[in-house]
Amino acid sequence: MMNNNLIIYFYIICIINYGCYVSCLVVNVKDQDGGVIKEIIYANITDDTITVELQLPDSTLITQHIDFTKEVQVVQVLLLGEEERGQKPYQILCFVNHVHANEFISPDAMSKLRQKNPGTIRVAEENKGVFNVTIDMKIKLKDSNYISQHVGLLCSEAQDTTFTSKVDIDKWANVPGMYLGNLLQAVEYINYKSPNSNLKLCRDTGKVWSHCLCTMKVTIPWYPCALKFCKDHIGKKSTAVDSYRCGIQTCGKIMNFMYGVKHKQHCLTIE
């Protein structure tokens, strides 16, 4: 769990790197297991982005970054390795997919949020459920700017583990400023599939060296998903009704990213 020193560190980084252009909010959130974790949310008005950072009890670091201009979401997962099993100290996976701007409040609205009681433990008002995302493409980081400049920045240490899907490519092709030709240049199909056969889930595969489908579950327990508007009469004697912003709607969701791996041992999260 994040300690106070880490929170202070994030504040310092925010101020040094972005000055007054970024707003930082630290929130205590109840996770799906009933524990309490801290989320740090950055709203960058200049870049039109929002970033959510959280650390799970097992020390896994999750970063959700939304580029509103390009309608791109980058989910970065930093997993600690097990040295006794010969694994690297850590591994980074990146999942890049299309996101609608109305799935989150805007960076401008996010930057105006303030907490009256910072110690309050927050619980999402609405559970958005589970989203299963099947991955069939890898992103070439050298050409990732065609998707979003933020992909290369967040996923620089995930040269072979930055993923997306053809479904998302097709959606981005309709976003102003995105061109299908460039988007296809930035990706390549994952060639881990066995010929003429469907991949099994890694948990259902007995052979260590077989191709299989790995699942990475990412939970975002709390995020501002919409603005709330209340209605009021304009004057005491008037029948006209005016609406005004009176709060935020908060949501939680789970994303299951499923992607092919060459060997079962390459799947770090078998559930």
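As the structure is a computational prediction, the values presented were derived from the model and not from experiment.
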Taking every heavy atom of S23 against every heavy atom of S111, the minimum-distance pair comes out as OG-O, 3.4 Å
It should be assessed whether the SG atoms of C225 and C251 lie less than 2.5 angstrom apart. yes
For residues V130 and N256, determine if any side-chain heavy atom of one lies less than 4.5 Å from a side-chain heavy atom of the other. yes
What's the shortest heavy-atom distance between A101 and F68, and which atoms? O-CE2, 3.7 Å
Check Q159 against S156 and note the closest heavy-atom contact, atom names and distance. NE2-O, 3.3 Å
Within-4.5 Å side-chain heavy-atom neighbours: Q73 and M255: yes
Close side-chain approach of V75 and T63, heavy atoms under 4.5 Å: no
For Y179, does the OH atom sit with more than 12 other heavy atoms under 6.0 Å from it, leaving out its own atoms? no
How about C214 and C202: are their SG atoms under 2.5 Å apart? no
Return yes if a side-chain donor-acceptor contact under 3.5 Å exists between S148 and D67, otherwise no. yes
Are any of the side-chain heavy atoms of V77 and V218 separated by less than 4.5 Å? yes
Less than 4.0 Å between a side-chain N and a carboxylate O, is that true for K253 and E126? no
Between F163 and F257, does the ring-ring contact (aromatic ring centres under 6.0 Å, His included) criterion hold? Intermediate values first, please. CA-CA 9 Å; F163 304 105; F257 296 101; 9.5 Å; no
In the structure I gave you, are the side-chain heavy atoms of L113 and P224 within less than 4.5 Å of one another anywhere? yes
Ignoring hydrogens, what is the shortest heavy-atom contact between I135 and S165? Give both atom names and the distance. CA-CB, 4.4 Å
Checking Y90 against E157 for the side chain to side chain donor-acceptor pair (under 3.5 Å) test, could you report, in this order, the C-alpha distance in whole Å, the side-chain angles of both residues, the deciding distance, and whether it holds? CA-CA 10 Å; Y90 65 89; E157 295 185 75; 2.5 Å; yes
Is any side-chain heavy atom of K200 less than 4.5 Å from a side-chain heavy atom of L213? no
Cluster companions of V151 among Ile, Leu, Val, Met, Phe, Trp, Tyr (side-chain spacing under 4.5 Å): V72, V74, V96, M137, I139, L141, I147, L154, I169, W172, V175, M178, L180, L183, L184, V187, Y189
Going by the angle between their ring planes, with limits at 30° and 60°, are F104 and Y223 parallel, tilted or perpendicular? parallel
Any side-chain heavy atom of K228 within less than 4.5 Å of one from I248? no
All heavy atoms of P221 vs all of I37, minimum pair found to be CG-CD1, 3.9 Å
Over all atoms of both residues, closest heavy-atom pair of D47 and N44: N-OD1, 2.9 Å
Any chance you could lay out the side-chain contact (heavy atoms from CB on, under 4.5 Å) test for L201 and D204, step after step, and finish with the verdict? CA-CA 5 Å; L201 291 173; D204 299 329; 3.8 Å; yes
Quiz item: cation-pi between K138 and Y259, 6.0 Å / 45°: no
Measuring only between side-chain heavy atoms, which start at C-beta, is I66 closer than 4.5 Å to T51? no
